[in-house]
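Single-structure report; data block below.
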Amino acid sequence: MGKILLKNGKAVNEGTIVETDILLEGDHILKIDKDISDASATVIDIEGKYILPGVIDDQVHFREPGLTHKGNIASESRAAVAGGVTTFMEQPNTNPQTTTIEKLEAKFALAKESSFANYSFLFGGTNDNLEELKRLDKNACSGIKLFLGSSTGNMLVDDEAVIENIFRSTEMVISAHCEDETTIRENLEKYRSKYGEDIPVEYHPLIRSEEACYLSSSRAIELAKKTGARLHVFHLSTGKETNLFRNDIPLNEKKITAEACIHHLWFSDEDYKDKGTLIKWNPAVKTANDREMLWQALLDDRIDVIATDHAPHLLSEKENVYTKAPSGGPLVQHALPAMLEKHLEGVLSIEKIVEKMCHNPAILFQIEKRGYIREGYFADLAVVDLQAPWIVSKDNIAYKCGWSPFEGTGFRSSVSHTFVNGHLAYENGTYSEKKNAKRLTFTR
């Protein structure tokens, strides 16, 4: 690869916005300076636009292997780069599940051939794979995933002794889906006895309730404190849970961290009336007050990361009655535009978006040379135009499943260019067919 020179951009990095040029050479950022000239470089003038580090999404479900009618690594990573997401961490509830080192490496082999974005995977903990988990090298992948509440693919880990052993047996980040299974099942039976299988979807947040979330997340946090484990709680959905986390020490010193997802920051239970099962997620989208408290915790740094939990299903599957409609929805293409919309509404700064979507995932998972705009780092960059309005519609959705919960939504900002390891992977609606993605490396 030759050199690429980005001229006249506004780089958003480490709490500052600086007008600068950026020179890329090969996979890396070669130089960051006010007025760079290089006769051998291809010049791209991005005057008036912002340059962000590529977004790192720590929680996606790309459905490969085994569920590729919903999506696959190629289709969903392509959608990701359209949204400025240059790195993803994929979850283990595929078919087969990623619960052995052999299956983990098979996924890496798939991604090496097909991914448009940088990749790593989470290794799934189960009730019976502790010995395999102990064999896993701490730099092999992003970390460990535990489903402490069942979700798509049912990888529920419910043996308390096993959970404690896992917490004691790894130095890696343990990312947890926290919902109390007993509470959920009792709630579901109560509504099923009244409505049968066609439960009105607005009861979803009462079935997968605040109590179910808090019971599970508080229990996991107590266990992490007891064992000294490194715990990351995925997709907080309740205001009550935010009080379990602290903001009085830097992220790199935290042993217990938290994430909020786009859908819990954007939607509330008032949206079920219009969106129905399209916004059925686990954990459930809850009240407007919960959403407000999530925002408060995000802004005061009790919540460390913004992610997507991108989880495509066919529209025909989502349109089933409540008990048969799967939970989850596609989000990687629209996550950054959604947060930029919140920036334009005055909810958060663009610097805070970069902190939560780029810097902090890199810190939290100890990713090598990504997540920042720095000389010598990999050239993963997203260029965004805050004055380029568009409306989400079928003809601009890149997901294999072909739909989005944001359909009909107008965004005032768009991603104009995405660079993956110095390669222009996406430009104004046009995708490069060249794949330049890399397996993530770590500094643990």
Side-chain angles (χ1 to χ4, degrees), residues 57-61 91 93 122 145-158 174-188 190-191 199 201-221 231-245 256-272 275-295 297-298 302-313 318 322-323 325-331 335 405:
D57 192 341
D58 76 2
Q59 189 186 179
V60 305
H61 303 264
Q91 304 302 299
N93 54 334
L122 276 78
K145 172 69 177 284
L146 295 183
F147 287 89
L148 304 181
S150 65
S151 194
T152 302
N154 195 9
M155 288 182 63
L156 178 67
V157 188
D158 57 1
I174 299 168
S175 297
H177 176 133
C178 292
E179 291 183 285
D180 183 67
E181 193 65 20
T182 301
T183 303
I184 292 166
R185 287 178 181 169
E186 288 173 356
N187 291 340
L188 179 60
K190 183 175 83 172
Y191 286 97
I199 301 167
V201 71
E202 55 263 34
Y203 292 117
H204 187 53
L206 301 180
I207 293 168
R208 302 189 84 98
S209 62
E210 174 190 78
E211 180 192 18
C213 294
Y214 188 83
L215 270 175
S216 182
S217 54
S218 59
R219 195 182 300 137
I221 288 166
L231 176 67
H232 182 51
V233 180
F234 272 163
H235 45 45
L236 290 193
S237 65
T238 74
K240 187 176 182 181
E241 288 171 285
T242 63
N243 296 313
L244 295 167
F245 301 90
I256 298 166
T257 52
E259 164 199 290
C261 285
I262 298 296
H263 43 291
H264 295 122
L265 295 170
W266 187 278
F267 298 105
S268 78
D269 59 359
E270 295 161 16
D271 295 304
Y272 286 113
K275 297 286 185 180
T277 52
L278 296 185
I279 61 164
K280 184 188 179 198
W281 275 279
N282 298 341
V285 168
K286 295 186 175 66
T287 68
N289 185 59
D290 285 306
R291 180 178 59 191
E292 177 58 31
M293 291 178 73
L294 290 173
W295 274 109
L298 184 78
R302 282 172 290 152
I303 294 176
D304 306 287
V305 169
I306 299 172
T308 67
D309 195 11
H310 173 89
H313 299 284
K318 290 292 282 183
Y322 173 81
T323 54
S327 293
L331 283 164

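A quick note: this is a predicted structure, and the numbers were derived from the prediction, not measured.
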Quick one, Ser237 and Glu179 - any side-chain contact, counting heavy atoms below 4.5 Å? no
Closest heavy-atom contact between His263 and Leu331? ND1-CD1, 3.3 Å
Does Phe234 reach the side chain of Leu122, with side-chain heavy atoms less than 4.5 Å apart? yes
Can you measure from OG (Ser209) to NZ (Lys286) and round to the nearest 0.5 angstrom? 7.5 Å
Would you kindly say whether Glu241 and Ser217 are connected by a side-chain donor-acceptor distance under 3.5 Å? yes
Would you name the heavy atoms of Lys318 and Pro326 that are closest together and state the gap between them? NZ-O, 3.0 Å
Measure the shortest side-chain to side-chain distance between His177 and Met155 over non-hydrogen atoms and say whether it is less than 4.5 angstrom. no
Taking every heavy atom of Pro205 against every heavy atom of Ala284, the minimum-distance pair comes out as CA-CB, 3.6 Å
Can you tell me how far apart CD1 (Ile262) and CG (Asp309) are? Round to the nearest 0.5 Å. 11.0 Å
In Å and rounded to the nearest 0.5 Å, what is the CG to CG distance from Leu156 to Leu148? 8.0 Å
Just so I know, are the side chains of Ile199 and Leu188 near enough to count as touching, which here means a heavy-atom distance under 4.5 Å? yes
Can you tell me how far apart CG (Asp304) and NE2 (His232) are? Round to the nearest 0.5 Å. 7.5 Å
Point-to-point distance, once rounded to the nearest 0.5 Å, from CZ of Arg302 to CG of Asn243: 5.5 Å
Nearest heavy-atom approach of Ile184 to Arg208 is CD1-NH2, 3.6 Å
Beyond-backbone contact of Ser175 with Gln59, side-chain heavy atoms, under 4.5 angstrom: no
Quick one: CG on Asn289 to CG on Asp269, what's the gap to the nearest 0.5 Å? 10.5 Å
Would you name the heavy atoms of Trp281 and Pro405 that are closest together and state the gap between them? CH2-CG, 4.1 Å
Any non-hydrogen side-chain atom of Trp295 less than 4.5 Å from a side-chain atom of Leu265? yes
Does Asn187 use its side chain to pair, donor to acceptor, with the backbone of Ile207 at less than 3.5 Å? yes
Checking Tyr272 side chain against Val285 main chain: does a donor-acceptor pair fall under 3.5 Å? yes
Judged by atom type as modelled, is there a donor-acceptor pair below 3.5 Å linking the side chain of Thr277 to the main-chain atoms of Lys280? no
Would you say the side-chain atoms of Ser216 pair up with the backbone N or O of Cys213, donor to acceptor, closer than 3.5 Å? no
Residues Leu298 and Val305: closest non-hydrogen pair is CD1-O, 4.4 Å
